[in-house]
Amino acid sequence: MCGIVAATAARDVVPVLIAGLKALEYRGYDSAGISVLEDGRLARVRAVGKVRELESLYRAAPVAGATGIAHTRWATHGAPSTSNAHPHVSSERVAVVHNGIIENHAQLREELRAKGYRFESETDTEVIAHLVEDAIAGGASLLEAVIAATRRLHGAYAIAVMNRDTPERIVGARRGSPLVAGLGDGEFFLGSDVQALIKQTNRFKFLEEGDVAEISRDGCAIYDADGTPVERPERKSELSADAVERGEYRHYMLKEIFEQPRAIADTLEGRIADGRVLPNIFGVDADQLLQRVRHVQIVACGTSYHAGLVARYWLEGLVGLPCSVEVASEYRYRRAVVPEGTLFLAVSQSGETADTLAALRDGRNRGYLGSLAICNVPESSLVRESDLVLMTRAGPEIGVASTKAFTTQLAALALLAIELARINGMAADKYAKLVAELATLPRVVAEVLTLEPEIAKLAERFVPKHHALFLGRGVHYPVALEGALKLKEISYIHAEAYPAGELKHGPLALVDEDMPVITVAPNNQLLEKLKSNLEEVRARGGELFVFADTDAPVQQDGTRGAVLKVASGGNLIAPAVFTVPLQLLAYHVAVLRGTDVDQPRNLAKSVTVE
Ligand code: G6P
C-alpha cells in the first residue's frame with residue numbers, strides 16, 4: 001500500500017527520502033516519486049516500478065534540496081504510470097503525496113475544473129493539490145490551506161504537502177491512514193510508519209485521527225482537525241535499524257520463516273510462568289472484562305483471518321465459548337446481531353488494515369462488552385484504539401506473505417484461549433497440560449524447520465503445475481486455507497483449500513493426475529476420516545502430498561506424491577506447527593518459478609484502503 005516519507009533538514013534530504021522509500025517497499029507498490037525544493041522551484045522525479053528505477057533516474061539527473069516529500073504508490077485510481085505517480089503538483093507551487101482514497105474526488109474534480117484547474121493524472125490525489133493551492137491563492141498559509149482542504153475530503157487519507165513559497169515547512173494530516181512524525185536534531189520528518197524513519201531517529205509522535213502536523217527545522221507542531229494546537233506524547237521506538245535488514249537470507253520471507261521459533265518464544269516470554277498464563281497480560285483489569293465474556297466475535301483479514309479461524313476451534317472446543325469469525329470487509333457492512341457479553345477480537349499484524357480498523361470503530365456502537373487487539377505493531381491505530389491488547393512480538397514482518405505474524409498470532413490466541421478456559425473453570429490438570437504444551441511451541445517449530453531441504457526438493461514437482469488443492473479437517477482446515485493462500489500469493493499457482501469432508505461435494509471433479517493435493521494429517525480423532533478422503537483422491541489418480549504426524553499411519557503411494565513426517569508436538573500447537581512446512585513449500589515453489597517472493601505482484605503488505 002502507498003507509503004509516505006517527508007523531511008526537512010539542514011542537509012540534502014534526497015538520500016533520506018530514498019532510504020525511507022526503500023524501508024517502505026515491503027508494503028507493496030507499483031510506482032514511486034520524490035519532490036524537493038531546489039533553488040526555489042519544485043523538482044520532481046517519478047518512475048513506474050521499483051524504487052531502484054527511481055534511483056537510477058535520479059542518478060542520471062540528480063536533484064537536491066533540504067525539504068522534500070516522497071511516495072510509493074499502490075494503484076487505486078488510475079493505472080501505475082508516471083503521470084499517476086505521486087507527488088502531484090498544482091501551479092508548480094504545491095506538491096502532495098497521499099495514502100488512502102478520496103471518495104468524493106469526482107465531485108471535487110468538477111468543482112476545481114470549473115475554477116480553471118487542469119488535471120494531469122487520473123488519481124483522486126490531484127484534487128488535494130488543487131484544493132490546497134486554491135486556499136493558498138486565496139491568502140491562506142500552508143497549514144491553513146491543508147486544514148481547509150482536508151475539511152472537504154470524504155474518505156481516508158494520510159498526506160504530506162509542501163509549498164514552494166514557504167520552504168523548510170511540510171504539513172501532514174491523517175484520517176483513516178497512518179502517519180507518524182519523526183523528531184530529529186534540527187531536522188524533522190513524516191512517515192507512514194516508524195520503519196521509514198528509523199535510520200534517522202528513534203523519537204516519534206503518532207498523529208491521531210484528524211490531526212494535522214507542521215514540521216520545520218525548528219520542530220513539529222500538531223493541531224486537531226479544528227486547528228487547535230494539541231500535544232501528542234513523544235515515544236521512543238525500540239525498533240533497531242538492523243531488524244529490517246535481510247541479513248544472509250535470500251528473501252525476507254525465508255528469514256521470517258526461520259525467525260519463527262524466536263518470534264514465538266518472544267511472544268510467550270513473560271506471559272507463561274510457573275505452569276500458568278500470567279494474569280493481566282491483556283492489560284490492567286483485563287480479568288474483570290474477560291470474566292464477563294459469553295461470546296467472542298473475531299474480525300480480521302487475510303492471514304490474520306485464518307488465525308482467527310483456528311482460534312474458533314480453541315475457544316469453542318477448549319473453553320466452551322461460542323465464537324464467530326468473519327473477514328472485516330464483510331463484517332463491517334453487515335447488520336450483525338451482537339449477543340450479550342460479546343468480546344470484539346481484532347487480529348492484525350499491522351494494526352492499520354482499513355477494514356479491520358473500521359470494524360473496530362463501528363463496533364463501538366454495537367454493544368460489545370469490549371475490544372481486544374492481537375497485533376504486532378505497538379504504535380498502530382488498532383492498538384491505540386482497543387480496550388485490551390496482547391502484542392505478538394514477531395518483530396517487523398517485511399515479506400508481503402505473512403509467516404511469523406501468523407504463528408505468533410496463534411501463540412497469542414492460544415494464550416487467550418487458555419486464560420479464558422481457566423476463567424471458565426477448566427480442570428487444573430487439563431489446564432496445566434495445555435500451558436506446558438504451548439511452552440514447547442518454539443522448540444517444535446525449530447525442529448520442523450529442519451525439513452527444509454526435503455521440502456525444497458518436493459517443490460520442484462510443483463513448478464509446472466497450474467492448480468493445487470489443499471485439504472484439512474477440523475482445526476487444520478484453516479491451516480489448509482493458509483497453505484493455499486501462501487502458494488497462490490507468491491507462486492501465482494491457483495490454489496484452493498477445502499475441508500476434506502467436502503471433497504465429494506465438488507472439488508473431487510477437478511482431481512486428475514495433474515492435480516497435486518496437499519494434505520495436513522495430524523494424528524487426531526479425525527485421522528481415520530481424513531484417510532478415507534485421501535483414498536477418494538488416490539482412486540481418481542490424484543497425486544497426494546501429505547504432511548503427516550510422525551506417529552500417524554499414512555503410507556507413501558508408490559513413487560507418486562510424497563508423505564513427509566512432521567512431529568506436531570500435540571493437538572493444541574499442531575496448527576502452528578503444520579503451517580511451517582506449507583510456508584516452506586510455497587516459498588520454494590515461488591523461488592523456482594522465479595517470482596518476486598517478497599513483493600508479489602498486485603499485493604500490498606499493509607492494506608490501508610478499503
Ligand atoms: C494483506 C497482507 C496479508 C495480511 C492481510 C491482513 O493482505 O498481504 O499478509 O494477512 O493484509 O493484514 P493485517 O496487517 O491486518 O494482519
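The figures here come from the full heavy-atom set of this structure, side chains too, leaving out hydrogens, waters and symmetry mates. Start at 1 and go down the list; that is how both ligands and their atoms are numbered. Bear in mind the structure is a predicted one, so any value in this text is a computation, not a measurement.
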Residue and atom name of the nearest protein heavy atom (relative to atom 5 (C) of ligand 1), distance in Å to one decimal
Cys301 O, 4.0 Å
Find out whether the Lys NZ or Arg CZ of Arg601 is both under 6.0 angstrom from the six-membered ring centre of Tyr492 and within 45° of the ring's axis.
yes
Please report which non-hydrogen protein atom sits nearest to atom 14 (O) of ligand 1, along with the residue it belongs to and the distance in Å to one decimal place.
Ser350 OG, 2.6 Å
Salt bridge between Arg384 and Glu208, side-chain N to carboxylate O under 4.0 Å?
no
At the 4.0 Å heavy-atom cut-off, does Ala300 count as touching ligand 1?
no
Can Glu385 and Arg364 be counted as an ion pair, charged N to O under 4.0 angstrom?
yes
Judged by non-hydrogen atoms, does Leu603 sit under 4.0 Å from ligand 1?
no
Think Lys50 forms a cation-pi with Tyr29, using NZ or CZ under 6.0 Å from the six-ring centre and within 45 degrees of its axis?
yes
Test Glu238 against Arg393 for salt bridge (Lys or Arg N to Asp or Glu O under 4.0 Å), laying out the working first.
CA-CA 12 Å; Glu238 301 290 314; Arg393 298 177 187 140; over 6 Å; no
Enumerate the residue pairs fulfilling salt bridge (Lys or Arg N to Asp or Glu O under 4.0 Å) with a member in residues 470-482, sequence neighbours excluded, ordered by first and then second residue.
Glu482-Lys486
Considering distance alone, does some N or O of Gly351 sit under 3.5 Å from an N or O of ligand 1?
no
Any N or O of Gln349 that comes nearer than 3.5 Å to an N or O of ligand 1?
yes
Would Val400 count as a polar contact of ligand 1, with the cut-off being nitrogen or oxygen pairs under 3.5 Å?
yes
What atoms in ligand 1 come closer than 4.0 Å to a heavy atom of Ser304?
10 (O), 13 (P), 16 (O)
Taking the six-membered ring for Trp, are His86 and His98 parallel (under 30°), tilted (30 to 60°) or perpendicular (over 60°)?
parallel
Who's the nearest protein heavy-atom neighbour of atom 10 (O) of ligand 1, and how far?
Thr303 N, 3.0 Å
Per-atom contacts, ligand 1 versus Ser402 - under 4.0 Å to a heavy atom
9 (O)
Taking atom types as modelled, find out whether His306 and Gln409 have a side-chain donor-acceptor pair closer than 3.5 angstrom.
no
Checking side-chain polar atoms at under 3.5 Å, does Thr403 have a donor or acceptor matched by the opposite partner on Gln260?
no
Nearest-neighbour protein heavy atom for atom 8 (O) of ligand 1, which is reported as residue plus atom name and distance:
Ala604 O, 2.8 Å
Closest protein heavy atom (residue, atom, distance) for atom 12 (O) of ligand 1
Thr353 OG1, 3.3 Å
Can you pull out the closest protein heavy atom to atom 11 (O) of ligand 1? Residue, atom name and distance to 0.1 Å, please.
Lys605 O, 3.8 Å
